[in-house]
Amino acid sequence: MIGLPRGVQDIMPSEVKIWQFIEKTAREIFESYNYQEIRTPIFEFTELFTKGTGETTDIVIKEMYTFLDKKGRSLTLRPEGTPGVVRAFIMNKIYNLNIPWKVYYIGPMFRYERPQAGRYRQFHQLGVELLGIKDPIADFEIIKIAVEFLKNLNLANIEVEINSLGCQKCRPIYRKALMDYFASFKHELSEIDKERLERNPLRLLDSKEEKMIEIKEKAPSALDYICGECQEHFEKLKNYLNISNIPYKINPKLVRGLDYYTRTVFEITTDILGAQNAIVGGGRYDNLVEIYGGPPIPGLGFALGIERLILLLSKIDLDLSLDEKKLIYLAIIDQNSNNFIIDLSEKLIEKKYRIEIGDPSLPLKNHLKIANRLKAELVIFIDSLIKEEKIKVKKLKTGEERILNIYNLVSELEIML
RNA sequence: GUGAACGUAGCUCAGUUUGGCAGAGCGCUGGGUUGUGGCCCCAGUGGUCGCGGGUUCAAAUCCCGCCGUUCACCCCA
């Protein structure tokens, strides 16, 4: 038997309902805030991610599925959604006519990591991006949409954490302060952390190594170093959150693993997912459009892991069968009724029923067994009665049976249901 | 990439400590009962014990390698 590569999986029919429910809810919420869906390619030039996501990030250093195509071009399966969206924004010159630009996406992402619960090599993200608004009301809107979405899925036990990483002007000052601070502990740092210190000292803040937890406790906080404008931006965001009663926690140690973030970063976490506690992550990226060679247009967004969401939802009871169409099982006993069966099937489907056409070679008993297993509401017996233009119908729940005239069959069925 | 646990029927798992005929429940198939399905009763079906190698008279069981899953680290969604 040929198996499956590590970290990828089938989403089988029995589990697809929850996916559809999540996607439907997402579309409803996002579109009610006037976001439109965008579908970008699953692979892009590798450069898009090295430049955008960042050379110092773990994603780029060790997690990308990168390969050469037949002409020797370096391509990469997208590890996250934002770079593709921003690329599309620039390539299609949206900034000339259509900002702010509000889009969302749903689709697979790929990262070469050791799989764990809620973490796979092919996983699915649902993300929202907003380009062209500098005002903190945009930061608020993005967080609000994420919270609203989770609320609509009946998720409790979630916490919003926010932080500000400053802008191009003040970030270097903070970066310097962090380097100076950690440099004094240099002899205590692990090899990886020493390297981080040089390349991206912000990343040291979410290290979970025992020594680091202690050291970083007293590390300088970004909020003390950011400039006046960034301070004001952050204050305004907090104010919006207060007004709309979205509870949040300021986490000065919250940094994110992508290089392009500026100012606001946020995460929505839960305590019931073990180490994979981040369910939503996002932030502002005011320089990314420029990094890709576009005009100076600010942007921000969030992404959410669908597999993790499903893991969370599996802990609460959800009835997803409510909006299903009612199932009618056609038990074919008389083999010479093809015309009638085809005609009846079409009529039932037109009336928004689901139908299951039973295997005509089965005995009556098996038809009922299968109909019961499929949770059919009604079984229609197509047997010798058809010669008298009559047909027998059984309601499975009550066992009630009726003989109906074929001419007003469909309307009689509605009465039985 | 590091450390640990695990992998037995379609599913959930027992059996591994101390090597000795491959097991249970659910499901599935057939039968009985029921007005013809569900409930109940009876019977049957189902396995390369993850894969490969080694030790042994004998391996699901002990040893080694590989693959996969899970948990933690790393990191992130």
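So that the names make sense, note that chain A is the first sequence line, chain B the second, and so on, each numbered from 1.
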Give one of base, sugar-phosphate or nothing for [X], where a contact means two heavy atoms less than 4.0 Å apart.
X: Ile279(A); value: sugar-phosphate
X: Glu63(A); value: sugar-phosphate
X: Lys392(A); value: base
X: Ile59(A); value: nothing
X: Ala371(A); value: nothing
X: Val280(A); value: sugar-phosphate
X: Gly127(A); value: nothing
X: Gly7(A); value: sugar-phosphate

Expressed as a whole number of Å, how far does the [atom1] atom of [N] sit from that of [M]?
N: U29(B); M: A9(B); atom1: C1'; result: 15 Å
N: A22(B); M: G30(B); atom1: P; result: 30 Å
N: G50(B); M: U8(B); atom1: C1'; result: 10 Å
N: C21(B); M: U2(B); atom1: C1'; result: 43 Å
N: U33(B); M: U18(B); atom1: C1'; result: 49 Å
N: A4(B); M: A14(B); atom1: P; result: 23 Å
N: G52(B); M: A60(B); atom1: C1'; result: 16 Å
N: C71(B); M: U12(B); atom1: P; result: 15 Å

Task: Cationic tip of Arg121(A) above Tyr112(A) ring, under 6.0 Å, 45° of axis - done: yes
Open item on the list: Quick check with a 6.0 Å cut-off and a 45 degree axis cone: is Lys392(A) positioned over the face of Phe381(A)'s six-membered ring?
Closed with: yes
Task: First of Val255(A) and Leu4(A) reached from the 5' end of RNA chain B, by closest nucleotide - done: Leu4(A)
Open item on the list: I want to confirm an ordering. Mapping Lys397(A) and Arg111(A) to their closest nucleotides on RNA chain B, which one lands closer to the 5' end?
Closed with: Lys397(A)
Pair partner, [N] [Watson-Crick or wobble, under 3.5 Å]:
N: G30(B); value: C42(B)
N: G52(B); value: C64(B)
N: G1(B); value: C73(B)
N: A9(B); value: none

Task: OP1 or OP2 of U29(B) under 4.0 Å from side-chain N/O of Asn366(A) - done: no
With a 4.0 Å cut-off on N to O distance, would you call [X] and [Y] a salt bridge?
X: Asp286(A); Y: Lys134(A); result: no
X: Lys395(A); Y: Glu400(A); result: no
X: Arg27(A); Y: Glu31(A); result: no

Would you indicate which nucleotide in [options] comes nearest to any side-chain atom of [X]?
X: Tyr120(A); options: C28(B), U70(B), C74(B); value: U70(B)
X: Lys365(A); options: U69(B), U33(B), A77(B); value: U33(B)
X: Gln125(A); options: C28(B), A77(B), U36(B); value: A77(B)
X: Gln116(A); options: A77(B), G68(B), C74(B); value: C74(B)
X: Lys369(A); options: C71(B), G38(B), A77(B); value: G38(B)

Whole-Å distance between [N] [atom2] and [X] [atom1]?
X: Phe381(A); N: U36(B); atom1: CZ; atom2: P; result: 11 Å
X: Arg114(A); N: C67(B); atom1: CZ; atom2: P; result: 10 Å
X: Arg256(A); N: C74(B); atom1: CZ; atom2: P; result: 16 Å
X: Leu311(A); N: C71(B); atom1: CG; atom2: P; result: 8 Å
X: Arg119(A); N: U69(B); atom1: CZ; atom2: C1'; result: 14 Å
X: Arg121(A); N: G68(B); atom1: CZ; atom2: P; result: 7 Å
X: Lys394(A); N: G38(B); atom1: NZ; atom2: C1'; result: 10 Å
X: Leu304(A); N: A77(B); atom1: CG; atom2: P; result: 11 Å

Task: Side-chain heavy atoms of Thr262(A) within contact of Leu165(A), under 4.5 Å - done: no
Open item on the list: Taking the six-membered ring for Trp, are Phe30(A) and Tyr104(A) closer than 6.0 Å centroid to centroid?
Closed with: yes
- [ ] Examine the base of G38(B) for any acceptor or donor lying under 3.5 Å from a partner atom in the side chain of Asn372(A), and report the outcome as yes or no.
- [x] no
Task: Expected output: side-chain Asn163(A) to main-chain Leu254(A) donor-acceptor under 3.5 Å - done: yes
